[in-house]
Amino acid sequence: MVGTSNDLKPLPATSNEPVSLEQYNQNRHELLEILSGLHSLGAIADELPLPQIAVVGSQSVGKSSLIESMSGITLPRDSGTCTRCPMECRLEKAPTWSCKVTLRFRVDELNRPLNVHSDHPFGDTIYDKQEVEDRLRQAQRAILRPGTDINSFLTNADLNIPGESQSFSNNCVCIRVAGPDVPDLYFYDLPGIIANVGDGGNERDIKLVEELAKSYIAKPDCLILLVISCETDFENQGAGRLVLKDKNLRQRTIGVLTKVDRIEGGTSTKWEQMLKNEETSLKHGWFAVKQPTPNQLRSRISWEDARRSEKDFFQITHPWSSLDPKYQKCMGSDNLSEHLSLTLSEMTARKLPNIRAKIDSLLRHTIEELDTIPERDLTDPRKQIIKLITSFSRMVSKHIEGHPPDSLSAPSALISMLNQHYHDFRLQIHRTAPQFRPWESTVRFSGSTEREMIRMAESDDAVSGNGPIIFVDQVCSYGERSRTREWPGNYPFSVKENLVRESTQRWELHAKACFKVVESTLTEHLNKLIHDHFSHEANSSLMAAVRVIVSQQLGACAESAKARIKVTCQGELEKYFTQNEHYFFAFRDKLFTRYKSLFRRSRGQQSFIESLKTLTKTPQPMTSPSVRVSDRYVEAETDMAPSFNEDIHTVIGILARRGLHGLGAEDLAKLLPSSDMDVGLEIMAEVRAYFQVAYKRFGDSIPIDIDTGFIRMFDAGLEVALLTLMDLDVSKCLLYLEEPPITVQRRGELQLTRGKLEMAQRKLDQSGLSQLRLEELDLNDPTEVPDQHQEEIGEDIREERPLDNEKSYPMSSVPQRELMSWEIPVRSEHIPDAIVTHYESPRAYDTSIDRISFH
């Protein structure tokens, strides 16, 4: 066992000054004192890897008598209440005997975990052992009736208060017993596992008690003390089934056989084999104890007499008295207590570096959260409010100016969300484009041909367009019907305007919808910023006041923006005008070529043109010595009939002889006669070209109006509005700064947590153990214990390495791989039997060097 305490440091091997048994016990006492203090941290303790011992057993297996034999106190037996809630037992050596009882509340009346565990001292310190039984009986009643005043139980006044008690509770009675004959030990006594309930009982209690036990023994740092009665088969005992069927739990279980004086004749062999760990073996082995008989209990046998009676029983009763001495050392309450104390202190010493690291981490996070809710400075409340308002205004400006998300998982920033709204708006406008069909409405195509024609006609349109579908013959018909006194071949300009209007008449509705969604997004974002900024700095009245002014400011800016949007819509929809001539003409020409090609295809003329285009261009020879054929390239023969190519070459040659040089095969397409639908195709091309210009312009104008006339205008006037419209009277500012109860509560919880963690740090620092590096501890060698345990003991207790008489180091200078034990010089006469029992190997105890080593 590694020693602790600044007053007692490990001595180098060169020192001849022995360390007394009292000093050794003080080190162990300090270890368990640290462990007890850490367990009392409340909810924090659940996050620390704290070693603990949990006593588990079925009902009526002698668990209460075992606790009495180790603690020296008497537990209440009349009503069985001592097994209806966990009991934390802290036993420690002290010059004089005393006992303190505390109530620890971890859950509320509905069994819901509390954020902060609370410890309540229950009565004054007890100095008379005879008073403990009544005090514990009262404490159990207080735990089982959490809604009743604690003081009423101390006077038994609760017995006259109507109301029902809980059958079991997760809350805990804490008892601290100190005295000269009390071992240093720390454990939890859990309610006994029950198999059935009596008349009027609640069947749910069976599951409740089992789950309570599981919540303790499931912790990886919990050493299980499994109590098995020899009066009945252990297979029939619920606690045995709960623990022994789980291989992982068996690795950290110490078995205790009780009621060994009631073993049926002829069955002692089975229990003897269990004690030897030959049957139902456990990693930490088995112990056997003998409690007072019912007659001895009725006669109020003293604790000292009970221990003597137990010792006599194992010395004279077969088969126990005939067992090898190393197994006899596993009998009796004293040996069990000593073994538990050694094991627990060893586990604690090994875990201290990890515990300290976890405490440091929890403290760091606690301080970080406390920094987010500092206590208010109310010396100048008006200044505080103005500071909050201006910082809020700057934060809003930052969001409106635009900034990227803080991380990959963070939500989209404000401007990113608004940009998505603007993109959706432009898409909706684009979808209103007129869906022109440059062929006559009476023409019918095959399914695949029609789809291909539509795809080519709409190649510049948005997917899922919803604009009007218009055929070229409908355009021509509408143009003819619109003519008044125009010259032949001309149509009124209103024809094009009305066709544009067919598509743009819904633009204003889309613009208003865009503004509405932007306004909603901005409002929602601002409300979140208000909450995030003010919730930890002020109460709901300040947030409400800020929200009112922000809403007013948003309303005023919204009216201004709506007016701008209306003007833009009027300018766009009442007069159709553009100065973007280059884009207009380029787009118009492209569309007219496409539309005319599709129209010709619909009339079957496209095959001739396509035939011309498929000819590969190659130089052609001159057809006459006096006339040069075109210097341009013409199409060479392909798979077409030779007569077609010859005809094309002949025509080009004739035209060349007539002075039309430089013609190619594709130029012959221009000789096709014009169509009566060409004017309609031109109108369609111009209307669609103007739509393209207008939709891009409008798609930018509305977002600019919203951004300039609404969002930026709101940002520009926010701080002035807040400072001028809010009531900044000192009394009002004090009201604003009144903290929400939840913030005050949380700060109090964090301050309490910080205080407990810092106290735990101080205790660990004072002990000196937390400075040991974990890698300096050899985790592989099991401690020397009786032979029955050597193969099962595992990582929690390590085997003593042979001492090196030639080499020894001060603790601060021991090399990492050579610091395997803490060597304490000790006089042989100071070594008690219990210690020699567990370190009887010559490697661990050698009187020739007067030194004993504990890991």
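Values below: all heavy atoms of this structure, side chains included; hydrogens, waters and symmetry mates excluded. These numbers were taken from a predicted model, which means no experiment stands behind them.
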Please state whether the rings of [X] and [Y] are parallel, tilted or perpendicular, taking 30° and 60° as the class boundaries.
X    : Y    : answer
F392 : H533 : tilted
H525 : H399 : tilted
F698 : F425 : tilted

Exercise for review: Given side chain to side chain contact (heavy atoms under 4.5 Å, CB included), test F471 with V443 step by step and report yes or no.
Suggested key: CA-CA 10 Å; F471 292 86; V443 176; over 6 Å; no
Point to revise | Pairwise distance CD(Q435) to OG(S503) - rounded to 0.5 angstrom | key: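 If we round to the nearest 0.5 Å, Q435:CD and S503:OG are 8.5 Å apart.
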Student check: side-chain heavy atoms of [X] and [Y] closer than 4.5 Å:
X    : Y    : result
S391 : M395 : no
T432 : H510 : yes
L526 : L554 : yes
I683 : K496 : yes
M726 : V546 : yes
V693 : F587 : no
E572 : T504 : no
I373 : L750 : yes

Under 3.5 Å, side chain of [X] to main-chain N/O of [Y], donor-acceptor pair present?
X    : Y    : answer
T521 : V517 : yes
T390 : I386 : yes
S459 : M456 : yes
S477 : D473 : no
T523 : E519 : yes

Review point. What do the steps show when you test R754 against D371 for salt bridge (charged side-chain N to carboxylate O under 4.0 Å, His left out), and what is the final call?
Key: CA-CA 12 Å; R754 177 178 181 174; D371 290 341; 5.9 Å; no
**Study point:** Exceeds 12 heavy-atom contacts within 6.0 angstrom, atom CD of E524
**Key:**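 Counting other residues, nucleotides and ligands, CD of E524 stays at 12 neighbours or fewer.
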Check your understanding: In terms of heavy-atom contacts, does CZ of R594 have more than 12 from other residues, nucleotides or ligands at under 6.0 Å?
Key ->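 More than 12 heavy atoms, drawn from other residues, nucleotides or ligands, come within 6.0 Å of this atom.
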Check your understanding: Would Y422 and V518 satisfy side chain to side chain contact (heavy atoms under 4.5 Å, CB included), going step by step from the backbone distance to the final call?
Key -> CA-CA 9 Å; Y422 298 147; V518 168; 3.8 Å; yes
What pair of heavy atoms forms the shortest contact from [X] to [Y], and how long is it?
X    : Y    : result
L728 : L723 : CD1-O, 3.9 Å
D461 : P434 : OD2-O, 4.1 Å
K596 : L681 : CA-CD1, 3.9 Å
Q474 : I470 : OE1-CA, 3.6 Å
W439 : F599 : CA-CD1, 4.2 Å
A656 : H661 : O-CE1, 3.1 Å

Any salt bridge linking [X] with [Y]? Criterion: basic side-chain nitrogen under 4.0 Å from a carboxylate oxygen.
X    : Y    : answer
E375 : R747 : no
E719 : R394 : no
R746 : E749 : yes
E458 : R437 : yes
K398 : E401 : no

**Study point:** For K590, all residues meeting salt bridge (Lys or Arg N to Asp or Glu O under 4.0 Å), sequence neighbours excluded
**Key:**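 Result, salt bridge (Lys or Arg N to Asp or Glu O under 4.0 Å) vs K590: D460.
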Review point. In chain order, what residues pass the salt bridge (Lys or Arg N to Asp or Glu O under 4.0 Å) check against D707, with sequence neighbours excluded?
Key: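 Partners of D707 by the salt bridge (Lys or Arg N to Asp or Glu O under 4.0 Å) criterion, ordered by chain and then number, come out as R712.
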Practice item. List the steps and the verdict of side chain to side chain contact (heavy atoms under 4.5 Å, CB included) for F592 and E686. Key: CA-CA 8 Å; F592 181 71; E686 288 200 352; over 6 Å; no
Any side-chain donor near an acceptor of the partner, [X] and [Y], under 3.5 Å:
X    : Y    : result
S731 : D729 : yes
E486 : T484 : yes
R564 : T708 : no
E502 : N498 : no

Review point. For L388 and Y736, what are the C-alpha separation, side-chain angles and deciding distance, and is it a side chain to side chain contact (heavy atoms under 4.5 Å, CB included)?
Key: CA-CA 11 Å; L388 281 174; Y736 289 152; over 6 Å; no
